[in-house]
Each structure stands twice: as structure tokens, then as C-alpha cells.
Number of protein chains: 2
Amino acid sequence: MEIEKKISRKEEIAREATRLFREKGYPATSMRDLAAELGIEAASLYSHIKSKEEILHKVCFRMAENFFLAINDIDQETETTTEKLKKSIIAHVEVLTEDTNASIVFLNEWKHLSEPYLSDFIKMRDTYEHRFREIVLEGQRNGEFKYMDEKFAVLTLLSSLNWIPNWYKNYGKLDPTQIGNQLSSLVLSGLKNGI
Amino acid sequence: MEIEKKISRKEEIAREATRLFREKGYPATSMRDLAAELGIEAASLYSHIKSKEEILHKVCFRMAENFFLAINDIDQETETTTEKLKKSIIAHVEVLTEDTNASIVFLNEWKHLSEPYLSDFIKMRDTYEHRFREIVLEGQRNGEFKYMDEKFAVLTLLSSLNWIPNWYKNYGKLDPTQIGNQLSSLVLSGLKNGI
DNA sequence: CCTACCGATCGGTAGG
DNA sequence: CCTACCGATCGGTAGG
């Protein structure tokens, strides 16, 4: 019971910290800001967490894991490349919208990680983007997509997806699957018609 | 001549500060970091600039002005809405790629402005986005574009454009007009075919 | 452009 | 979870 209480308090701290990191950015968020939001003294935070960076680290790597898990079983299935890309986009949007604060911290604050975490993080992100590039290339090989620089296409795709957490919360009209579907159609019509 | 020297030193400081703000973020860049890059003491910066925020302010508002100037005369011309949107996209990309450091600071660090500059900045950005929404709506009214939520379309468009400064420098294959053309085709095929 | 320095604030620790 | 506190660093000023 005491352990349970500790874990839950730790999660509470992490959640509030994530919200502040999103709002003010990681360097501009002080441990005193965070403590004040939780109604305690800054020093008291350290009975629950090891350091400020520990929180950032956990958010960034947990989100990275979520993104990988979401697209992991898609490749196995035998289906059209178009369907594969569409499912990947929807999976990505679902992770992005599940916790918009954590998503924005993941997308914007990772650069404040120290080594060796920073290098690990960048490697993971590159691997993830590579998966999308492979799908686009496959579609070009089997004729489902027109030729187009696959890096350009994937950067364009992911950047439009990754902006979603900035407006999703107050938008309200669409759920993640609908957003994924709309964005899929938008980008797929470009891939299918060529540019 | 002494005045010229002072102005040029001030610009040198602003340029180096912009580079650091882009790399580390505004709050994580100290005036001592900046001074060290320029080979002087931190205190010496203050004979050229008033404050750290003055630099951020100038970058953000100069870029905002650049974006407005670039699309300002497009509306006047009588042409198809498709052409109007295409020209606006190319103009936007040209500003984005002209100084990628300044663009990224403009896009990511504006939130560290203090009031009343912060509110002014947000107002300008909203006005700018409004211009793009109006073009999309016009295209829907005259039948050039299929119906689609115009906020969604513009957010998707601008977010994919605004990622360009993050990869443009090292990409090398395309110039701003070509990038604008490719991205226009990509998004226009979505707008024209509907989603 | 420098030296010398200011008060404020930072992340974090000791000890309870 | 607190009080009391640490050394380091912050943006910026005084005075030259």
C-alpha cells in the first residue's frame, strides 16, 4: 500500500511535469514551478524522483516505445501498400492524440536530453522514419504510388501528422481514426497522382 | 563609420544568438554562451543590445513581417484560386528557407516572449493563417477545390511547410521554388480530389 | 569592450 | 514531505 501510494505520486509528478514542459519548455520549467503546482516544496520532489532529467527521459522513451508498438504488427500482414501506409498513419495519429502533452514534449524537448540518451533517442527516431520510407518505396516498386523522393514524402507526411497534438484537444470534431483517415487520403492522393 | 561598425556588430550578435536559440532553445541559451561564441565577455554584449529578449523579439517580428510581405501582393492579382494558393505556398517556402535559423526561432521560441509582445505575436500569426483559410474557402466556393474543413486543410498545409527549415540546409537537391511547387502539387491534389 | 559585482534563481542534498 | 542550505549560474549594472 505504501509502495502503491509512492508509485501513484510519482506518476502524478510526471504528469504535471509533462504539462509544464509542454507549456513552458523543459529548460524554462523549474522544479519550484513543478512543486508549486503540486502544493509541495521543491526539495520534496526528490523523494519521488531522481532528477529533473529523469522525468524528461521517461516521457521521451515511453512515447518512442508507444510509436513503435503501434506500427509493429502492421508490416506482417499481407495487404496493399496503400492499406499498410494508411494503417501506419492512423496508428501514429492514435498515439499522438492519446496524450497530447506527452506527444509535444516527445517532439520538441528531446534535444534537452544529455548523452548517451540523446544519441539513443535520435537513433530510434531515425529507425522509425525509416519504416515509413520503406513503405513509400515499396508502393513505388509495386506501382501503387508514383515516383517521388521518399525522404521528402515522409518528412512532409510526418510533419503534418506531428502538428496534430497542437490543435487536437480543442478541435473536437474528429476522433483520431477519422483524422488519420482524412490525412491518409490527403497524402495518398498526392502519392498516387505523383507530383 | 563608428555607427556603421556598431550596427554591424549588433547584427553579428543577433545572427549568432539566433543560431544558438535555434540549437539550444531560447531559455537554455545564456548570455555567457553567446558572448563566448563571439569571443567577448557577457557584460560587453550590453553595450550593443538592451536585453536578451530584445534579440528574440526582433527575430520573431522581423520574420512575421517577412511572411506578410511575401504574400501581400498575391491577393490583388486576378487569377485562379489554385494559382493563388500555389504562389502563397512558394512565397512562404522562400521566406522559410532564406534563413532557416531565424525561421526555426520564429516557429518554436516565440512562446518565450513576454507580454504584450506575446499577444501581439499570436494575433499576427492568426491573421496570417486566416489568409490561407480564405484562399481555401474561395477555392471551394468557385469549385476549384472539393469541400474540406478549411482549418484542417490549412493546419495540415502549414505544418508540413513549417518543417522544411529543419531539413532544408542539408538536403541540397531542391531550391525553394521547386520545394514549394512539389508541396503545392502534393496538397493541391488532396484539395482537388477531396478527402 | 573589460573587471567586478549584484540579487535572484537554479537543480539538488543533508538531515530529520 | 519539511527546513535549511549548497555551489553554480543566471540576466544584467556600475564604472571605467
Side-chain angles (χ1 to χ4, degrees), chain A residues 1-60 105 109-115 117-118, chain B residues 1-60 105 109-115 117-118:
Chain A
M1 185 140 129
E2 207 180 37
I3 290 174
E4 266 176 30
K5 214 164 121 198
K6 252 189 169 173
I7 290 174
S8 130
R9 189 56 165 157
K10 190 170 181 173
E11 277 166 9
E12 204 177 341
I13 291 169
R15 187 155 26 96
E16 189 57 35
T18 305
R19 199 185 65 78
L20 289 173
F21 292 168
R22 180 239 178 107
E23 194 178 300
K24 302 153 99 75
Y26 175 76
T29 302
S30 75
M31 298 307 270
R32 284 158 180 85
D33 290 337
L34 175 55
E37 291 287 328
L38 295 161
I40 58 175
E41 293 300 317
S44 306
L45 292 167
Y46 291 90
S47 45
H48 301 284
I49 58 157
K50 283 202 280 277
S51 68
K52 184 185 178 185
E53 188 175 352
E54 184 200 31
I55 307 175
L56 179 64
H57 178 274
K58 288 210 171 160
V59 174
C60 289
V105 171
E109 307 300 325
W110 58 266
K111 67 179 165 192
H112 301 291
L113 288 166
S114 62
E115 296 291 356
Y117 310 117
L118 182 60
Chain B
M1 189 143 128
E2 206 180 38
I3 290 175
E4 266 176 31
K5 215 166 123 196
K6 252 191 170 174
I7 290 174
S8 130
R9 190 54 164 160
K10 190 169 181 174
E11 276 165 10
E12 204 177 342
I13 292 169
R15 187 155 25 97
E16 188 57 34
T18 305
R19 200 185 64 78
L20 289 173
F21 292 168
R22 179 240 178 106
E23 195 178 300
K24 304 153 97 78
Y26 176 76
T29 302
S30 74
M31 298 307 272
R32 284 158 180 84
D33 290 337
L34 174 56
E37 291 287 329
L38 295 161
I40 59 175
E41 293 300 317
S44 305
L45 292 167
Y46 292 89
S47 45
H48 301 285
I49 58 157
K50 281 201 280 277
S51 68
K52 184 184 178 187
E53 188 175 352
E54 184 201 31
I55 307 175
L56 178 64
H57 178 274
K58 288 210 172 159
V59 174
C60 288
V105 171
E109 308 300 327
W110 58 267
K111 67 179 165 193
H112 301 291
L113 288 166
S114 62
E115 295 291 357
Y117 310 117
L118 182 60

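The chains referred to below are lettered A, B, ... by the order of the sequence lines, with proteins before strands, and numbering in each begins at 1.
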Whole angstrom is fine here: how far is it from [atom1] in [X] over to [atom2] in [N]?
X	N	atom1	atom2	answer
Y46(A)	dT13(C)	OH	P	7 Å
L34(A)	dT9(C)	CG	P	17 Å
Y26(B)	dC10(D)	OH	P	13 Å
H48(B)	dC1(C)	NE2	P	4 Å
D33(B)	dC10(D)	CG	P	6 Å
K52(B)	dT13(D)	NZ	P	15 Å
L45(A)	dC10(C)	CG	P	13 Å
L56(B)	dG11(D)	CG	C1'	14 Å

For [N], does OP1 or OP2 lie under 4.0 Å from any side-chain N or O of [X]?
X	N	answer
R32(B)	dG12(D)	no
S47(A)	dC1(D)	no
S30(B)	dT9(D)	no

What's the closest nucleotide to the side chain of [X] if the choices are [options]?
X	options	value
R9(B)	dC1(C), dT13(C), dG12(C)	dC1(C)
S44(B)	dT13(D), dC1(C), dT13(C)	dC1(C)
E41(B)	dG11(D), dA4(D), dT3(C)	dT3(C)

Check step by step if side chain to side chain contact (heavy atoms under 4.5 Å, CB included) holds for Y26(B) and K111(B).
-> CA-CA 10 Å; Y26(B) 176 76; K111(B) 67 179 165 193; over 6 Å; no
Evaluate the criterion side chain to side chain contact (heavy atoms under 4.5 Å, CB included) for residue pair L118(B) and W110(B); output intermediate values, then yes/no.
-> CA-CA 7 Å; L118(B) 182 60; W110(B) 58 267; 3.8 Å; yes
Donor-acceptor pair, side chain of E37(B) and main chain of E16(B), under 3.5 angstrom | no
Comparing nearest nucleotides in DNA chain C, the 5'-proximal residue of the pair I40(B), M31(A) is I40(B)
Provide the closest heavy-atom pair for E41(B) versus A35(B) in the form atom of the first, atom of the second, distance.
-> C-CB, 3.6 Å
To the nearest 0.5 Å, tell me how far R9(B) CZ sits from L45(B) CG.
-> 8.5 Å
G-U wobble or Watson-Crick pairing nucleotide for dG12(C) (cut-off 3.5 Å, both distances) | dC5(D)
